[in-house]
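Contents: one structure, followed by commentary.
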Amino acid sequence: MNDADTAPPWLRGQPTTLGDLLRCSARTFGPRTALCHDGRAITFHELRERADAAAGMLVGLGVRPGDRVAVMAESRPETVELLFAVASVGAITVPVNPRLTPDELRHVLVDCAPMVVVTPSPAVENLDAAIDGLGPAPRVHRYDPGQPVAPAEEFSGWAGSPESPAIIMYTSGSSGRPKGVVLTHANLAFSTRNVVIARGMIGPDDAWLVAVPLFHISGVLGMLPYLMLGGRVVLAPSGRFDGRETLDLIRRENVTGTFLVPTQWQRVCAAAGPDDQDSPLRRVVWGGAPASPELLAEIGRAFPHADLYCSYGQTETTGPSCSLSPRDTPAQAGSIGRPVDSVVTRVVDDEGRDVRVGEVGELVYQGSTVFVGYWNDRIATEAAFVDGWLRSGDLVRQDSDGYLYLVGRKTDMIISGGENISPAELEQAIAALPGVAAACVVGLPHPTWGETPVAVVVRDPAGPAVTAEDVHEWCRQRLASYKRPTEIHFVTELPLTANGKVRKAELRAQLGARAATGTAGRP
């Protein structure tokens with residue numbers, strides 16, 4: 001596999017489509033195990049056959065190139081099959097978080113207008129409520145891989161362009177409702193190649209644990225290098241993450257690599273004992289949120305035989321844009337690394353001019369993994385770029401060797417447990433509650449989640465009396481659990497700038513000092 005002539009096209013820098021990737025892997029690694037889940041093992045041959053059958057099913061439903069197919073993306077083999085099946089017919093997968101409330105799910109469905117919503121499970125809570133009243137409503141297909149479908153031989157595959165859209169992933173933006181990030185087959189191909197270059201080649205004895213959701217880019221991108229190079233992909237069960245169960249799964253399935261966000265690594269390290277020091281893990285990858293030096297030291301003690309990698313990026317860069325590997329010296333500890341292959345970065349001021357080495361500025365990107373734009377949102381797409389460079393929204397400094405260090409965020413985005421939370425989305429939801437005159441949401445430090453959203457609310461004296469429980473219940477009905485504020489504070493007025501904007505830095509300081517009144521924690 002090290003021979004350049006026999007390496008897969010993606011590894012040679014020749015992007016193809018996701019469908020072509022699976023067909024190539026099935027020819028090369030056919031009888032090897034590709035996917036493991038809950039005691040089931042699926043070979044590359046079987047994965048190809050099942051994906052082709054699912055593609056035939058989609059064609060039978062009327063799906064054509066360019067159509068959107070929303071997939072309720074649970075951590076199951078069927079979700080992986082559908083990702084390749086949708087790609088094979090030239091359609092676009094829209095992975096959907098099953099935890100979304102009906103209102104949140106309705107926003108996604110209205111925005112991307114899918115031809116069909118496919119759910120791999122018998123029933124998905126909130127889906128029926130989300131499509132109730134939509135006109136026209138998308139078709140809902142309950143996907144059973146055992147049901148009759150169009151025979152595989154009747155489906156020859158889509159001969160499309162790598163530049164065609166492959167996935168639309170909805171991610172929270174700083175300005176309000178989630179936006180659909182459009183990623184092409186080429187974006188995925190180049191990012192997959194970058195992962196292999198940054199972390200080393202993958203062999204038949206390597207297994208990757210997918211313990212983050214498949215509606216996140218880190219979930220999808222983590223498995224693609226292994227499916228491309230003949231490794232195994234182990235899908236962790238959906239539901240609440242448990243550190244001890246994860247350690248047991250790693251040992252049971254002989255997992256050699258995984259990506260977890262810092263809050264997950266905290267739980268794993270807390271559950272690890274002396275017997276776990278001989279874990280099969282050899283690639284330990286963290287990202288999605290800042291990790292403290294203390295946590296990184298804990299990971300090193302828990303897995304002394306594993307190499308530790310930092311993976312920094314965002315959905316708009318198809319995952320990793322910077323990487324720090326064990327090959328980098330200890331002097332760079334705390335860095336997010338240097339740009340990955342085929343990505344160019346700059347650190348700029350508010351005017352888009354390069355800052356001097358060591359000075360703080362916003363990180364911006366260009367490269368083959370940068371997304372093509374937000375679905376159905378030209379204004380947001382234009383705002384995301386400055387002179388052709390993608391804004392990261394993160395403030396960094398760069399040393400003389402090119403290593404980047406995360407300093408903070410230029411936007412108000414809250415990162416809680418690795419999930420991006422838009423304060424504007426929460427503020428808009430809370431402000432719609434009768435009896436609320438204004439609302440502001442900020443992120444405050446949290447020992448487990450890194451950050452947690454906290455809401456500051458101004459009551460409307462002309463409206464009904466609003467309590468903290470009223471706000472919590474309102475949010476429970478409209479926001480996924482990870483987005484809901486953990487505390488509600490009532491104030492008589494918000495601190496404003498001369499042009500009427502909330503002084504969020506001042507508000508954070510006030511909250512940190514417990515100066516605000518009416519504190520109420522989450523019930």
Side-chain angles (χ1 to χ4, degrees), residues 73 75 95 97 99 167 169-174 178 181 183 191 194-195 198-199 208-225 236 238 240-241 243 246 257-269 281 283-296 298-299 308-325 334-337 340 343 363 365 369 371 392-396 404-422 443 445-453 480-483:
S75 293
N97 180 355
R99 295 163 56 194
I167 292 179
M169 284 198 159
Y170 279 81
T171 182
S172 292
S174 59
V181 177
L183 301 175
S191 198
N194 289 345
V195 169
R199 301 178 198 163
W208 180 260
L209 174 64
V210 178
V212 292
L214 290 174
F215 50 80
H216 280 315
I217 188 59
S218 53
V220 171
L221 193 67
M223 68 181 179
L224 289 181
S238 297
R240 180 178 175 82
F241 181 85
T246 300
T258 192
F259 169 94
L260 301 176
V261 299
T263 53
Q264 291 176 309
W265 280 121
Q266 285 178 349
R267 294 182 181 182
V268 168
C269 289
L281 272 182
R283 289 184 178 97
V284 167
V285 190
W286 67 273
S292 67
E294 293 78 13
L295 175 58
L296 298 180
E298 280 187 53
I299 296 173
L308 181 61
Y309 298 83
C310 170
S311 180
Y312 166 88
Q314 55 196 104
T315 308
E316 287 87 345
T317 58
T318 325
S321 58
C322 299
S323 178
L324 187 73
S325 77
S335 168
I336 58 173
V340 296
V343 171
L363 183 64
Y365 318 95
T369 67
F371 81 135
S392 71
D394 284 338
L395 297 174
V396 302
L404 294 158
Y405 298 80
L406 190 61
V407 174
R409 283 190 298 282
K410 190 171 184 178
T411 67
D412 293 325
M413 185 71 69
I414 298 168
I415 301 179
S416 183
E419 296 279 6
N420 285 355
I421 301 173
S422 166
H446 190 279
T448 300
W449 306 114
E451 281 186 306
T452 188
S481 58
Y482 67 89
K483 297 180 183 179

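Atom set for the values below is all heavy atoms of this structure, side chains included, hydrogens, waters and symmetry mates excluded.
Annotation: side-chain hydrogen bond (donor to acceptor under 3.5 Å, both in side chains) contacts of Tyr309 (sequence neighbours excluded): none. With sequence neighbours left out, Ala198 forms a side chain to side chain contact (heavy atoms under 4.5 Å, CB included) with Ser323. Residues satisfying the ring pair (Phe, Tyr, Trp, His ring centres under 6.0 Å) criterion with Phe259, sequence neighbours excluded, are absent altogether. Residues meeting the side chain to side chain contact (heavy atoms under 4.5 Å, CB included) test with Ala73, sequence neighbours left out: Thr79, Pro95, Leu214, Phe215. Not a single side-chain hydrogen bond (donor to acceptor under 3.5 Å, both in side chains) links Asn97 to another residue, sequence neighbours left out. Partners of Trp208 according to the ring pair (Phe, Tyr, Trp, His ring centres under 6.0 Å) rule, which considers only residues two or more places apart in sequence or in another chain, are Tyr226. Considering only residues two or more places apart in sequence or on other chains, Ser311 meets the side-chain hydrogen bond (donor to acceptor under 3.5 Å, both in side chains) condition with Arg199. The salt bridge (charged side-chain N to carboxylate O under 4.0 Å, His left out) search around Glu451 returns Arg409, not counting sequence neighbours. Judged as a side chain to side chain contact (heavy atoms under 4.5 Å, CB included), and not counting sequence neighbours, the contacts of Thr452 are His446, Val454, Thr486. Residues satisfying the salt bridge (charged side-chain N to carboxylate O under 4.0 Å, His left out) test with Arg267, not counting sequence neighbours, are none.
Interatomic distance, Thr315 OG1 to Leu183 CG, rounded to the nearest 0.5 Å: 7.5 Å. For the atom pair CD1 (Ile167) and CD1 (Ile217), the distance works out to 5.5 Å, reported to the nearest 0.5 Å. With rounding to the nearest 0.5 angstrom, the CD1 atom of Ile336 is 5.5 Å from the CG atom of Leu406. The SG atom of Cys322 lies 5.0 Å from the CG atom of Leu404; values are rounded to the nearest 0.5 Å.
Between Gly287 and Pro262, the shortest heavy-atom contact is O-CD, 3.3 Å. Considering every non-hydrogen atom in both Ser416 and Ile421, the closest pair reads CB-CD1, 3.7 Å. Here the closest heavy-atom approach between residue Ser392 and residue Leu363 is recorded as OG-O, 2.6 Å. Heavy atoms only, all atoms of each residue included: Ile415 and Gly288 are closest at CG2-O, 3.3 Å. Here the shortest heavy-atom pairing between Val212 and Ser218 reads CG2-OG, 3.6 Å. Residues Val195 and Pro320 come closest through the heavy atom pair CG2-CG, 4.1 Å.
Side chains of Glu419 and Val261 form no contact here, defined as non-hydrogen atoms less than 4.5 Å apart. Val343 places none of its side-chain heavy atoms less than 4.5 Å from the side chain of Thr317. Contact check for Gln314 versus Tyr365: side-chain heavy atoms found under the 4.5 Å cut-off.
Looking at Thr318, its side chain does come within 3.5 Å of a backbone N or O of Thr369 through a donor-acceptor pair. Remark: the backbone N or O of Tyr312 is paired with a side-chain donor or acceptor of Ser321 at under 3.5 angstrom.
The side-chain hydrogen bond (donor to acceptor under 3.5 Å, both in side chains) contacts involving residues 257-266 comprise nothing, where partners must be two or more places apart or lie in separate chains.
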